[in-house]
Amino acid sequence: MQIFDTHAHLLDEAFDEDRFAVIASSPEKGIANVMEACCDEAGIDRVVELVHAVPFFYGSAGVHPHSASEWTSATGDHIIRALQDEKMLAVGEIGLDYHYDFSPRDVQKRVLDEQLSIAHQLGLPVILHDREAHGDMMDMLRAHKDGLKGIMHCFSGSYETARECLDLGLYVAFGGALTFKNAVRPIEVASRLPADRLLIETDCPYMTPVPFRGKRNDPSFIRLTLEKLAEVRNEDIESLADTLYRNSLRVYELES
Ligand code: NI
């Protein structure tokens with residue numbers, strides 16, 4: 001069984017003490033590949049360095065809505081430069097976060113708009129973050145639907161929104177939140193969507209699945225999300241894992 005953790009943050013300070021031990025132990029726990037999702041401009045060059053140090057890692061470059069206020073006139077070129085690298089596969093993570101509102105909403109929207117344009121210009125997939133901003137997010141994606149492709153990460157919306165994401169050319173990713181006790185809506189969505197557009201991820205060090213919720217997450221915990229997804233879809237875990245792995249290669253354009 002091969003598992004692709006399609007969204008992780010091993011460069012987070014939560015891994016400063018044991019980053020390479022965690023990474024080194026991942027393959028023996030079934031992790032075949034990891035996408036290191038970039039969060040801010042300072043992280044771009046660190047992601048490039050990491051993915052060249054670890055053969056089974058790939059990276060993205062982009063500015064998270066939390067850091068949107070830090071966007072400068074040079075940031076777009078920095079992202080474009082990093083994405084010339086063959087192991088840098090996507091623009092992300094980008095989006096809107098109206099839960100924390102760490103950057104003003106008009107700034108979040110402008111920075112998302114710029115990065116959706118960069119993805120279109122480069123022909124690359126996007127990794128999207130949408131927290132409590134479904135309306136504005138879907139409006140912006142509709143405005144950028146020409147050539148749009150990528151992932152709605154940590155999906156938390158309704159079944160109807162998920163269907164619209166699929167219609168816009170996106171895949172939908174589920175993480176540890178699928179195992180939480182209050183996960184009624186994500187479970188409904190995850191059980192109804194077509195298997196060929198689903199992905200799994202950890203978003204580590206966050207979103208640790210039950211029964212380890214509250215502890216630091218790492219790629220090995222993705223198995224609990226995989227098991228939950230197989231259970232709610234009433235699918236064989238091996239064949240579901242195989243489908244998810246192939247979806248991951250397809251969305252990140254790694255198919256040979
Ligand atoms: Ni993330």
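Ligands are counted one by one from 1 in listed order, and the atoms in each one are counted from 1 as well.
Cation-pi geometry between Arg213 and Phe180 is met: the NZ or CZ atom falls under 6.0 Å from the ring centre, inside 45° of the normal.
For the Ni ion (ligand 1), the set of nearby N, O or S atoms under 2.8 Å includes none belonging to His64. Among the atoms of His7, an N, O or S atom falls under 2.8 Å of the Ni ion (ligand 1).
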- Task: List the steps and the verdict of side chain to side chain contact (heavy atoms under 4.5 Å, CB included) for His129 and Cys154.
- Result: CA-CA 7 Å; His129 171 109; Cys154 196; over 6 Å; no
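Around the Ni ion (ligand 1), the angle linking Glu93 (OE1) with Asp203 (OD1) is 170°, rounded to 10 degrees.
We find that Lys149 and Glu253 are joined by a salt bridge, their nearest charged nitrogen and carboxylate oxygen being less than 4.0 Å apart. Looking at Asp77 and Arg81, no side-chain N of the basic residue comes within less than 4.0 Å of a carboxylate O on the acidic one, giving no salt bridge.
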